[in-house]
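Reviewing the structure listed below.
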Amino acid sequence: MRKVRPALLKGFDQEFLPQDQLQFDALLDLIRRNFERYGFLPIETPSAERIEVLTSKGGTEKEIYALSRLAAPEDEEAAAKGALRFDLTVPLARYVAMRERELAFPFRRYQIQRVWRGENPQVKRGRFREFYQCDIDIIGRETLSYLYEAEIPSVIYAMFKDMAIGEFCIRINNRKLLKGILQHFEVPEARASEVLRALDKTAKEPEQAILGELGSQGMAAKAAAELYRIITARRESAETLALLTDLAYRNESYTQGLDELGKVTDAARQFGVPDTAFAIDLSVVRGLDYYTGTIYETTLSAHADIGSICSGGRYDDLASYFSNTRLPGVGISIGLSRLFARLKEANLLRPPPRTPAEVLVTMLDADALARYLAIAAELRERDINTEVYLERAKIGKQFEYASKKGFRIAITAGAEEFGRGTVKVKDLASQRESDVPLGEVAARVKQMLDEKVN
RNA sequence: GUGGCCGUAGCUCAAAGGUAGAGUCCGGGGUUGUGAUCCCCGUUGUUGUGGGUUCGAGUCCCAUCGGCCACCCCA
């Protein structure tokens, strides 16, 4: 029979060997645990949504995968109603708009699910067509206190501290402030997004390249240089605020943005985020379509090349396309697939357990199966994850299996041991083996496992 | 979508126009009931696909498909 070549689809290639999956799951669990610590509630939404819901914001068709059956007749295909979601924010907006009357506001939810984008994948940078996002958002009804904007850095801080992947910096900026600055430099509205995009590259590109870009957007050389200087000033956040206050640009957007930035950073400190972990950074631009106020971007201090590991911001009205109620919100997103890929590449992840089970009960004598199963049952009763080797195989092969899979303890017993009322308990790492009376097996295994942790 | 690089065993790669190989992995063995080392044996290929040049093509030429990288954008 002709075999089908086992192969994956470009960009749909994130599957792991069990050992890597365990490591991935550990990272996911850590993120979830921290979200829950702050009282965020879990939700999931369907993988596919109505096309008009997904495209309500416009401009994203290119990367959206539409749904259609393989055997669909042409007319049906043309009428495809559904498509795979490309982020978790649009589905959230739809979700909240649909359930406004049942939810408790401010609504705090976390969502950890896959999303799909038809862009060119770049494996080395952790970019795929199917990937996990971990989002938290806080949605208010009509109003939402700036204090929630200050709470977000606190969640980020707790989470990445827990991850123990080195020093990181939560860089904070404000879209209104940026808008005010551009207004001051008389950048026309139509050119604003191009200018911001250019400023967003200050970390990657040399000054000359950016000044050139600003010039081609119509800025005078002197103004461009001045703008560049302000945007790239790196100071303690208090100093940056003082500097911005001194500039005293006279427009509403600037004044309001500066006020918000001051209040949010001040409050973040009260939430316990140390000054070493955050900074005001005017070159952070982020999500031009979404955010209207505070924006965040987090990077690792020792691994700038990894880029942003978590980003988000405040928006005035989440569900304006779906509801008349004004729903302001603030949230962040972690690209988990990307984060995992990059952290693993940089060797920053803790090694995972090699198997979820700690004990392997070998089968030396198939006739004694009942006794092996009884030992395993007793261990599981005591919350010790245990596997029984059920294939008839030479004992050497069973130990090889135990070693490869990473069990910590193997239990072996045959007629000889059972005759004495004992079993052999072996620590696989140290290769030490001892006889243990049947009644004490669980207690002894538990003791060995506890010792190893310390 | 635009530009550059690359397709040989499951994986990493040799073979510079003349019989397709190595390492690794995987499987078996090294006499009674103990794994990571070592030794022996073994499986694996329409050289991405199609055409052309040649006595002869993995190698040269053309086309095509696939992959990687950069740009755009973003997680």
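Side-chain atoms are counted along with the backbone in the values below, which use heavy atoms only and exclude waters and symmetry mates. Below, chain A is the first sequence line, B the second, and so on; all start at residue 1.
Positionally, the nearest nucleotide of RNA chain B for A:Leu364 lies more toward the 5' end than for the other of A:Leu364 and A:Glu119. Mapping A:Glu417 and A:Lys397 onto RNA chain B by nearest heavy atom places A:Lys397 at the nucleotide closer to the 5' end.
Proximity of the aromatic rings of A:Phe271 and A:Tyr38 is defined here by a centroid distance below 6.0 angstrom, and this criterion is not met. A distance of 6.0 Å or more separates the ring centres of A:Tyr290 and A:Tyr315.
Between A:Lys201 and the phosphate of B:C72, there is a side-chain N or O to OP1/OP2 separation shorter than 4.0 Å. Residue A:Lys394 has no polar side-chain atom (N or O) positioned under 4.0 Å from OP1 or OP2 of B:G28. Taking only side-chain nitrogens and oxygens, A:Lys404 comes nearer than 4.0 Å to OP1 or OP2 of B:C26. A sub-4.0 Å separation between OP1 or OP2 of B:C74 and a side-chain N or O of A:Arg197 is present.
Across all strands shown, A:Gly307 has no heavy atoms under 4.0 Å from either base or sugar-phosphate atoms. A:Tyr401 comes within 4.0 angstrom of nothing in the nucleic acid, heavy atoms only.
Comparing B:G17 with B:C61, their P atoms are spaced 13 Å from each other, to the whole Å. Distance noted for atom P between B:U8 and B:A15: 14 Å (whole Å). Across B:U43 and B:G21, the matching C1' atoms stand 16 Å from one another, rounded to whole Å. Nucleotides B:C65 and B:G51 place their C1' atoms 14 Å apart, quoted to the nearest Å. Nucleotides B:C62 and B:C26, compared at atom P, are 42 Å apart to the nearest Å. B:G28 and B:A16 are spaced 37 Å apart, taking the P atom of each and rounding to whole Å. Only the C1' atoms considered, B:G42 is 31 Å distant from B:U59, to the nearest whole Å. The separation of B:C25 from B:U31, taken at their P atoms, amounts to 22 Å, rounded to a whole angstrom.
The partner of B:A63 is B:U49, by the rule that a Watson-Crick or G-U pair needs both atom distances under 3.5 Å. Nucleotide B:C11 forms a Watson-Crick or G-U wobble pair with B:G23, both donor-acceptor distances falling under 3.5 Å. Base pairing of B:C38: its partner is B:G30, meeting the Watson-Crick or G-U wobble criterion (both donor-acceptor distances under 3.5 Å). In this structure, B:C68 and B:G4 make a Watson-Crick or G-U wobble pair, each of the two defining distances being under 3.5 angstrom.
At a cut-off of 3.5 angstrom, counting only N and O atoms as typed in the model, there is a donor on one side and an acceptor on the other between the side-chain of A:Glu433 and the base of B:U34. At a cut-off of 3.5 angstrom, the base of B:G33 holds no donor-acceptor pair with the side chain of A:Lys424.
Comparing B:C72, B:G33, B:G35 against the side chain of A:Arg127 picks out B:C72 as the nearest. Residue A:Glu416 has its side chain nearest to B:G33 when only B:G33, B:U34, B:A75 are considered.
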Subject >> Audit row: A:Tyr132, A:Phe340, ring pair (Phe, Tyr, Trp, His ring centres under 6.0 Å) steps and yes/no >> reply: CA-CA 10 Å; A:Tyr132 271 93; A:Phe340 178 74; over 10 Å; no

Original post:
Going through the checks in order, is the ring pair (Phe, Tyr, Trp, His ring centres under 6.0 Å) test met by A:Tyr65 and A:Phe12?
Top reply: CA-CA 13 Å; A:Tyr65 290 101; A:Phe12 293 79; 5.7 Å; yes

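With rounding to whole Å, A:Ile306 atom CD1 is found 14 Å from B:A75 atom C1'. As a whole-Å value, the separation of A:Lys10 NZ from B:G48 P is 19 Å. Between the CG atom of A:Leu8 and the P atom of B:C68 there is a distance of 11 Å, rounded to whole Å. Put simply, CG on A:Leu196 is 11 Å from P on B:C74, counting in whole angstrom units. Protein atom CZ of A:Arg342 is 14 Å distant from nucleotide atom C1' of B:C74, rounded to whole Å. If you take CD of A:Gln431 and P of B:U37, they are 12 Å apart, rounded to a whole angstrom. Atoms CG (A:Leu360) and C1' (B:G35) sit 11 Å apart, rounded to a whole Å. Rounded to a whole Å, the CG atom of A:Asn120 is 10 Å from the P atom of B:G67.
Of all heavy-atom pairs spanning A:Asn173 and A:Leu282, the tightest one is ND2-O, 3.1 Å.
Screening A:Glu433, A:Glu416, A:Glu417 for a side chain to side chain donor-acceptor pair (under 3.5 Å) involving A:Lys424 leaves a single residue, A:Glu417.
More than 12 heavy atoms of other residues, nucleotides or ligands sit less than 6.0 Å from atom NZ of A:Lys176.
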